[in-house]
Protein chains: 2
Amino acid sequence: MINTAGPRHPLPVITQPAVCCSPLIGRILDGAAAERLASALKALAEPTRLRLISLVAAHDGAEACVCDLTDPVGLSQPTVSHHMKVLVDAGLLEREQRGKWAYYRLVPGALNALADQLATGIGR
Amino acid sequence: MINTAGPRHPLPVITQPAVCCSPLIGRILDGAAAERLASALKALAEPTRLRLISLVAAHDGAEACVCDLTDPVGLSQPTVSHHMKVLVDAGLLEREQRGKWAYYRLVPGALNALADQLATGIGR
DNA sequence: ATCATGCATCGACAACTGTCAATGCTTGTG
DNA sequence: CACAAGCATTGACAGTTGTCGATGCATGAT
């Protein structure tokens with residue numbers, strides 16, 4: 001038997017403080033919203049990509065090209081290119097071709113937007 | 001040839017505003033830190049788990065047992081149990097056995113902590 | 001003690017993902 | 001034009017992951 005109404009089981013009156021107001025808290029995520037948030041998070045949920053983001057942000061002018069990143073990350077150029085594409089597709093990085101080089105920058109506010117989606121208003 | 005020093009290429013004097021101060025921005029993530037952050041994010045980067053978190057938070061008393069979740073999520077009980085374990089292991093949910101039921105709650109502040117790690121201080 | 005219920009674990013399988021070497025494309029240079 | 005350099009794309013492969021049915025383990029009720 002499945003209980004769809006809620007805990008109608010031994011419930012020692014646990015009344016949590018009214019904690020609310022995030023995409024995750026306060027309302028129930030439908031499938032589509034969950035898919036979108038998840039795919040954005042998937043782009044971040046990878047050690048190499050986290051390091052790439054941090055390397056780009058820490059680089060001179062807050063931008064970097066692939067040849068600046070392969071060495072610090074210790075991976076092949078195709079692999080780095082692949083990760084950069086994932087981050088661009090996720091809207092976290094932007095790419096600009098300048099001569100032979102492709103420069104990558106953080107999309108301003110993108111990380112913040114993601115962070116807000118995770119926790120806006122929770123316990124603040 | 002690899003350019004490890006930075007863009008010594010055609011650089012049209014792009015001086016970004018001083019945007020800083022997050023685990024991702026402002027300092028470079030080492031491998032270990034990247035691994036830890038990534039594994040926490042991996043737990044979240046899945047549509048079903050996002051929905052489970054939101055369902056738990058929206059449930060009466062901000063807690064729910066597995067039998068409350070299988071139906072809304074439309075997956076088998078073993079699959080839901082598996083996802084809940086992933087979320088508990090990631091420190092996002094806590095589990096309490098009460099009689100025959102296992103109740104899951106949000107770990108207070110866990111989502112916020114993750115969100116802060118993503119974007120603390122960026123552009124604020 | 002026996003049985004039913006709620007949940008976890010196991011084994012299996014398909015789908016996805018990170019990685020590389022090889023190759024192709026584009027831009028700047030001799 | 002030919003060549004080199006930077007980057008993207010392709011194909012391949014191993015490792016990971018989401019899912020399920022079957023099974024096992026507790027707990028509470030009869």
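What you are looking at is a predicted structure, and each value in this text was computed from that prediction instead of being measured. These numbers come from the heavy atoms of this one structure, side chains and all, not from hydrogens, waters or symmetry mates. Residue numbering restarts at 1 for every chain, and letters A, B, ... go by the order of the sequence lines.
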Rounded distance (Å) that lies between atom P of dT17(D) and atom CG of Leu87(B) | 14 Å
Charged N to carboxylate O under 4.0 angstrom, Glu35(A) versus Arg51(B)?
-> no
For each nucleotide in nucleotides 14-30 of chain C, reading 5' to 3', give B when a protein heavy atom comes within less than 4.0 Å of its base, S when such contact involves only the sugar-phosphate, and - otherwise.
-> ----SBBBB----BS--
Tell me which nucleotide among dA8(D), dT9(D), dC7(D) gets nearest to the side chain of Tyr104(A).
-> dA8(D)
Could you tell me the separation between the CD atom of Glu63(B) and the C1' atom of dG6(C), rounded to a whole number of Å?
-> 16 Å
Lys100(A): what forms a salt bridge (charged side-chain N to carboxylate O under 4.0 Å, His left out) with it, not counting sequence neighbours?
-> none
Atom pair distance, as rounded to whole Å: CG in Asp68(A) and P in dA5(D) | 17 Å
Roughly, in whole Å, what's the span from CG in Leu41(A) to P in dT17(D)?
-> 16 Å
Can you name the side-chain contact (heavy atoms from CB on, under 4.5 Å) partners of Ala90(A), sequence neighbours left out?
-> Ala43(A), Leu92(A)
Protein-nucleotide distance (Leu52(B), atom CG; dT19(D), atom P), rounded to Å | 9 Å
Which pairs with one or both residues in residues 74-86 of chain B pass side-chain hydrogen bond (donor to acceptor under 3.5 Å, both in side chains), sequence neighbours excluded?
-> Arg49(B)-His83(B), Ser76(B)-Thr79(B), Gln77(B)-Ser81(B), Lys85(B)-Asp89(B)
Quickly work out the Asp89(B) CG to dT9(C) C1' distance and round it to whole Å.
-> 14 Å
For Arg36(B), which residues count as a side chain to side chain donor-acceptor pair (under 3.5 Å) partner, sequence neighbours excluded?
-> none
Starting at CZ of Arg51(B) and ending at C1' of dT19(D), how long is that distance when rounded to a whole Å?
-> 16 Å
With sequence neighbours excluded, residues passing salt bridge (charged side-chain N to carboxylate O under 4.0 Å, His left out) with Glu94(A) | Arg105(A)
